[in-house]
Amino acid sequence: MRSIRVAAIGAVTLSLALAVSACGGGSSTAGGGGSNDSPKTLTYWASNQGASIAVDKKVLKPELDKFEKQTGIRVKLEVIPWSELLNRILTATTSGQGPDVLNIGNTWSASLQASGALLPWDDKNFGGIGGKDRFVDSALGSTGVKGEDPAAVPLYSMAYALYYNKKMFADAGISKPPATWDDVVADGKKLSKDGKWGLGAEGANLSENIHQVFVFAKQHGADFFTADGKPDFTSDGAVSAIKQYVDLMAKDKIIAPGNAEYAQNQSLSDFAKGKTAMVLWQTASATFASLGMKDDEWGVAPAPVRSGTPGTGTAVNSMVAGINLAVFKNTDNHDGALKFVKFMTSDAEQKILNKAYGSIPPVKSAQSDPAFNTQATAALRDTLAKSAEALPQVADESQFETSVGTAVKELFADAAGGRPVTTASVKAKLEKAQQQMPAK
């Protein structure tokens with residue numbers, strides 16, 4: 001998902017959502033749940049994928065008009081900022097008053113699946129949109145708990161990559177982008193001078209913190225959850241992983257201390273303005289263009305690994321980022337909602353929408369379009385196919401983002417304030433985070 005969002009549980013906690021399933025409305029359909037009491041309209045909550053909500057409306061409105069012309073169903077669109085989306089969804093799961101169709105961050109799939117509020121995508125429902133085998137395996141891996149019917153269908157796929165400023169690299173005498181973290185540190189130290197910095201980060205963005213430390217943990221052979229879904233935040237590998245990430249500011253000093261307060265894509269703005277030479281991000285090309293950066297001013301390379309080349313196991317270099325499309329079980333236009341999902345995941349719409357957002361279609365056949373083999377997208381597509389892994393698909397994933405994401409935020413604040421970041425201090429933060437998780 002786009003990293004601009006904040007993992008905000010706030011006053012509406014996920015535990016409330018898990019305690020109450022959305023109430024069914026209207027006459028039941030043969031597909032189970034919902035009704036067809038309002039067959040001529042749909043309400044759609046879209047996530048803010050573009051540079052602004054206005055951009056999203058400009059992208060989506062023509063496609064929704066096309067859907068209405070084909071089906072006679074009018075779609076009422078609301079684009080919701082990431083800072084509000086999760087709480088809006090959780091409120092809807094408890095009240096039963098939500099949209100018919102909605103976008104969800106793929107990392108929320110298992111948590112929302114456990115609420116019972118979303119329509120399960122069983123073989124029959126997948127059959128209605130062309131079958132599960134149309135979708136890339138890595139994207140399907142972020143649709144809910146393994147072994148259960150998915151809670152949603154992949155819509156947009158993304159992966160992390162390393163973006164670098166070509167001129168800053170050339171001026172520093174660096175001939176190629178770094179492939180390992182040792183390379184990142186070495187290059188970053190050459191680039192961090194005269195008020196400019198080697199690497200940008202979003203230290204106060206809880207979701208961004210989770211995305212990064214998940215990958216570091218994989219590279220250290222660690223997982224944040226056991227095989228049976230219990231939190232395991234304090235293993236040696238997890239502690240070492242988080243310390244390595246925060247040390248990019250605390251010890252290596254290639255991230256500006258001010259980045260500890262960044263939470264709303266300021267690191268991308270700094271990159272576009274030539275204040276930082278590198279940034280790790282997902283599908284950043286459209287944002288760079290909106291910030292006035294020309295395509296030939298930046299390059300993109302696979303996100304770094306500890307050694308060797310990206311792959312599986314300890315060579316994972318990205319989480320599987322993306323957006324899924326879900327249907328509320330109590331929709332009053334069940335059939336129309338399924339038609340809408342089929343429309344949005346059709347080859348034609350997948351090409352149109354993913355081109356607009358600079359993302360990768362999770363539908364295999366749509367990836368053949370030349371637009372997804374450019375500088376901006378080829379590295380992302382390769383990463384998704386070979387070296388990306390889904391975040392834990394467990395019911396407590398959202399609380400994990402909040403508790404561990406906050407721990408990393410606090411550690412960045414310590415680094416920025418000149419306070420030591422030690423193995424002991426990292427472990428203490430993670431012990432506190434684990435204590436905040438629901439008891440098993």
Can you tell me if Thr43 uses its side chain to pair, donor with acceptor, with the backbone of Pro99 under 3.5 Å? no
Closest heavy-atom pair, Thr276 versus Ser267, reported as atoms and distance to 0.1 Å, is OG1-O, 4.1 Å
In terms of heavy-atom contacts, does NZ of Lys166 have more than 12 from other residues, nucleotides or ligands at under 6.0 Å? yes
Would Ser365 and Asp347 count as having a side-chain donor-acceptor pair, cut-off 3.5 Å? yes
What orientation do Trp108 and Trp82 show, parallel under 30°, tilted 30 to 60°, or perpendicular over 60°? perpendicular
Enter the distance from Thr331:OG1 to Leu118:CG here, rounded to the nearest 0.5 Å. 12.0 Å
Taking the side chain as everything from C-beta on, heavy atoms only, tell me whether Asp332 gets closer than 4.5 Å to Asp100. yes
Ignoring hydrogens and geometry, is there a side-chain-to-backbone donor-acceptor pair from Glu78 to Trp45 under 3.5 Å? no
Smallest heavy-atom separation, Val394 atom then Gly229 atom, equals CG1-CA, 4.1 Å
Can you give me the closest heavy-atom contact between Ala204 and Lys409, atom names plus distance? CA-CG, 3.9 Å
For the pair Asp187 (side chain) and Gly198 (backbone), establish whether a donor and an acceptor sit closer than 3.5 Å, ignoring hydrogens and angles. no
At what distance, to the nearest 0.5 angstrom, does NZ of Lys61 lie from CG of Leu77? 8.5 Å
Using modelled atom types and a 3.5 Å cut-off, is there a donor and acceptor pairing between side-chain atoms of Asn48 and backbone atoms of Pro81? no
So, Ser269 side chain and Gln266 main chain: donor-acceptor pair closer than 3.5 Å or not? no
Would you give the length of the straight line joining atom CG of Leu64 to atom CZ of Phe340, rounded to the nearest 0.5 angstrom? 5.0 Å
Indicate yes or no for a side-chain donor-acceptor contact from Glu202 to the backbone of Ala263 under 3.5 Å, with no hydrogens or angles considered. yes
Between Leu280 and Ala303, what is the shortest heavy-atom contact and its length? CD2-CB, 3.9 Å
Is it the case that over 12 heavy atoms from other parts of the model lie below 6.0 angstrom from the CD atom of Glu297? yes
Can you tell if the side chain of Gln350 reaches within under 4.5 Å of the side chain of Arg134, non-hydrogen atoms only? no
Ser38 side chain to Asn333 backbone, donor-acceptor under 3.5 Å: no
Locate the shortest heavy-atom distance separating Ala161 from Leu380; write the atom from each residue and the value. CB-CD2, 3.7 Å
From Asn259 atom CG to Leu248 atom CG, the distance as rounded to the nearest 0.5 Å: 11.0 Å
What one should report as the nearest heavy-atom pair of Asn373 and Thr377 is N-OG1, 3.4 Å
Between Ile210 and Thr107, is any pair of side-chain heavy atoms under 4.5 Å apart? no
Ignoring hydrogens and angles, tell me if any N or O in the side chain of Gln219 forms a donor-acceptor pair with the backbone of Val316 under 3.5 Å. yes
Run the side chain to side chain contact (heavy atoms under 4.5 Å, CB included) check on Leu206 and Thr406 step by step: do they pass? CA-CA 6 Å; Leu206 307 191; Thr406 298; 3.6 Å; yes
Distance-only, no hydrogens or angles: does the Thr374 side chain make a donor-acceptor pair with backbone N or O of Pro370 under 3.5 Å? no
Output, in order, the C-alpha distance, side-chain angles, deciding distance and verdict of side chain to side chain contact (heavy atoms under 4.5 Å, CB included) for Asn165 and Met293. CA-CA 10 Å; Asn165 183 302; Met293 200 173 192; 4.0 Å; yes
Would you say the ring centroid of Phe412 lies under 6.0 angstrom from that of Tyr245? yes
We want to know whether Tyr262 and Asp270 form a side-chain donor-acceptor pair, criterion being a heavy-atom distance below 3.5 angstrom. yes
Is there a side-chain contact between Leu112 and Ile89, using heavy atoms and a 4.5 Å cut-off? yes
NZ of Lys364: more than 12 outside heavy atoms within 6.0 angstrom? yes
Distance (rounded to the nearest 0.5 Å) between Met158 CE and Asn106 CG: 8.0 Å
Inspect the surroundings of CG in Asp228 and state if more than 12 heavy atoms from other residues, nucleotides or ligands are less than 6.0 Å away. yes
How are the rings of Tyr164 and Phe169 set to each other: parallel, tilted or perpendicular (split at 30° and 60°)? tilted
For Glu397 and Gln393, which I'm curious about, is there any donor-acceptor pair between the side chains at under 3.5 Å? no
Can you tell me if Asn324 uses its side chain to pair, donor with acceptor, with the backbone of Ser142 under 3.5 Å? yes
Would you indicate whether the side-chain heavy atoms of Val153 and Phe135 approach each other to under 4.5 Å? yes
Below 4.5 Å, heavy atoms only, C-beta onward: do Met168 and Met278 meet side chain to side chain? no
A quick test of your reading: do over 12 heavy atoms of other residues, nucleotides or ligands sit less than 6.0 Å from NZ of Lys76? no
Rounded to the nearest 0.5 Å, what's the gap from CZ on Phe224 to OG1 on Thr234? Could you check? 10.5 Å
Heavy-atom side-chain contact between Thr314 and Arg306 under 4.5 Å: no
Start with the C-alpha gap between Gln367 and Val136, add the side-chain angles, then the distance that decides, and say whether side chain to side chain contact (heavy atoms under 4.5 Å, CB included) holds. CA-CA 10 Å; Gln367 291 187 1; Val136 175; 3.5 Å; yes
Polar side chain donor-acceptor pair, Ser359 to Asn354, under 3.5 angstrom: yes
Can you classify the ring geometry of Phe233 versus Phe400 as parallel (below 30°), tilted (30 to 60°) or perpendicular (above 60°)? tilted
Under the criterion side chain to side chain contact (heavy atoms under 4.5 Å, CB included), I'd like the reasoning laid out for Ile242 against Phe216: C-alpha separation, chi angles, the key distance, then a yes or no. CA-CA 7 Å; Ile242 290 178; Phe216 274 98; over 6 Å; no
From CA spacing to verdict: side chain to side chain donor-acceptor pair (under 3.5 Å), Ser387, Asn317: CA-CA 6 Å; Ser387 57; Asn317 68 339; 2.7 Å; yes
Carboxylate-amine/guanidinium contact Lys69 Asp65, below 4.0 Å: no
Do Ile129 and Trp121 make a side-chain contact, defined as non-hydrogen atoms from C-beta onward lying under 4.5 Å apart? yes
